[in-house]
Amino acid sequence: MGTDAAVDRAVRELYRALLEGWNTRDAEAFAATFAEDGEAIGFDGSRHCGRDQIAADMAALFAGHLTPVYVAKVRGVRLLGSDAAVLQAVAGLVPPGESDVKPELNARQTIVAGRLGGGGWRIVLLQNTPAQFHGRPELREGLTAELRDLLLPPFLDE
């Protein structure tokens with residue numbers, strides 16, 4: 001199984017690769033982080049099932065829209081067993097041509113990762129949930145301030 005520290009590093013690297021795929025608008029790199037039958041639930045609630053479909057959907061998205069860039073902070077990685085882990089993170093998006101995160105685009109991201117055949121870690125499920133904190137503006141402002149602190153490259157704090 002390896003040490004908890006090794007699993008923690010591997011799952012964080014998987015998340016980093018996911019965000020780098022998005023930030024470089026590389027649909028294949030983004031999708032490569034997923035298991036063959038992995039699933040992504042988008043910020044808008046859309047469901048993308050299977051690595052090939054995720055790649056196709058992201059390619060269409062990147063071709064049709066200028067996508068914002070992620071800044072993110074991993075909150076933690078929890079080992080669920082020898083071959084499964086959950087990563088929780090907070091993320092913000094910086095729209096093209098802008099230099100600040102948009103609070104209305106803040107999210108909580110959770111990935112369930114599995115160590116699949118050959119020992120490689122892949123995302124089994126990505127859940128991207130808006131972090132709006134309705135009725136609690138102080139929480140929204142606090143998260144936005146925390147994400148703004150990450151606005152220096154490489155746009156990912158561990």
Side-chain angles (χ1 to χ4, degrees), residues 1-59 61-62 67-94 101 103 105-133 136 139-140 142-158:
M1 165 169 102
T3 66
D4 286 356
V7 170
D8 186 278
R9 279 191 307 276
V11 174
R12 286 173 186 263
E13 181 52 38
L14 181 64
Y15 182 63
R16 177 186 298 278
L18 173 82
L19 295 184
E20 286 177 3
W22 175 276
N23 286 349
T24 60
R25 301 171 47 84
D26 185 335
E28 290 298 325
F30 182 88
T33 63
F34 285 86
E36 192 67 35
D37 62 349
E39 183 174 335
I41 307 297
F43 187 82
D44 65 350
S46 58
R47 186 172 178 227
H48 311 274
C49 298
R51 184 185 302 148
D52 291 342
Q53 189 62 53
I54 292 168
D57 291 349
M58 292 302 105
L61 176 70
F62 295 150
T67 51
V69 173
Y70 273 114
V71 293
K73 183 172 187 176
V74 173
R75 292 280 197 230
V77 176
R78 184 171 50 138
L79 191 61
L80 300 178
S82 61
D83 296 322
V86 172
L87 176 143
Q88 294 188 357
V90 291
L93 288 165
V94 179
V101 295
L105 299 178
N106 292 348
R108 290 194 178 269
Q109 295 182 327
T110 303
I111 65 169
V112 176
R115 185 179 0 225
L116 306 176
W121 287 89
R122 292 290 176 262
I123 297 170
V124 176
L125 175 67
L126 163 67
Q127 175 73 45
N128 192 19
T129 304
Q132 297 305 297
F133 304 111
R136 296 169 289 165
L139 294 177
R140 185 175 175 180
L143 178 56
T144 300
E146 183 179 1
L147 293 168
R148 282 183 176 134
D149 286 343
L150 304 174
L151 288 174
L152 298 174
F155 301 111
L156 181 69
D157 182 38
E158 297 184 21

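The nearest pair of heavy atoms linking Leu87 to Ala89 is CD2-CB, 4.0 Å. Contact record, Leu79 with Ala84: CD1-O, 3.5 Å, taken as the closest heavy-atom pair. A pairwise comparison of heavy atoms in Val11 and Ala85 identifies CG2-CB, 4.0 Å as the closest pair. In terms of heavy-atom proximity, Pro68 sits nearest to Trp22 at O-NE1, 2.8 Å. When every heavy atom of Thr24 is checked against every heavy atom of Glu20, the shortest pair comes out as OG1-O, 2.7 Å. Nearest heavy-atom pair, Phe62 versus Ala27, reported as atom, atom and distance to 0.1 Å: CE1-N, 3.7 Å.
Atom OG1 of Thr144 sits about 10.0 Å away from atom CG of Leu105, to the nearest 0.5 Å. Note: Asp52 CG to Glu28 CD = 8.0 Å, rounded to the nearest 0.5 Å. Atom CG in Leu18 sits 5.5 Å away from atom CZ in Phe34 (nearest 0.5 Å). Taking CG of Leu139 as the reference point, atom CG of Asn106 lies at 11.5 Å (rounded to 0.5 Å). How far CD of Gln88 is from NZ of Lys73: 14.5 Å, rounded to the nearest 0.5 Å. Atom CZ of Arg12 sits about 4.5 Å away from atom CG of Asp8, to the nearest 0.5 Å.
With hydrogens and angles disregarded, a donor-acceptor distance shorter than 3.5 Å links the side chain of Asn23 to the backbone of Tyr70. Under a 3.5 Å cut-off, the side chain of Arg108 and the backbone N or O of Ala131 do not form any donor-acceptor pair. Between the Trp121 side chain and the Thr33 main chain, no donor and acceptor come within less than 3.5 Å of each other. Side-chain N or O atoms of Arg122 include one that pairs as donor or acceptor with a backbone N or O of Ala32 at under 3.5 Å. Looking at Arg115, its side chain does come within 3.5 Å of a backbone N or O of Ser82 through a donor-acceptor pair.
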(request) Determine, stepwise, if the pair Leu147 / Leu143 fulfils side chain to side chain contact (heavy atoms under 4.5 Å, CB included). (result) CA-CA 6 Å; Leu147 293 168; Leu143 178 56; 3.9 Å; yes

(message) Is there a side chain to side chain contact (heavy atoms under 4.5 Å, CB included) between Asp57 and Phe30? Walk through the geometry before answering.
(response) CA-CA 11 Å; Asp57 291 349; Phe30 182 88; over 6 Å; no

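Annotation: side chain of Leu61 is not in contact with side chain of His48 (no heavy-atom distance under 4.5 Å).
Around the CZ atom of Arg78, the shell of radius 6.0 Å holds no more than 12 heavy atoms that belong to other residues, nucleotides or ligands.
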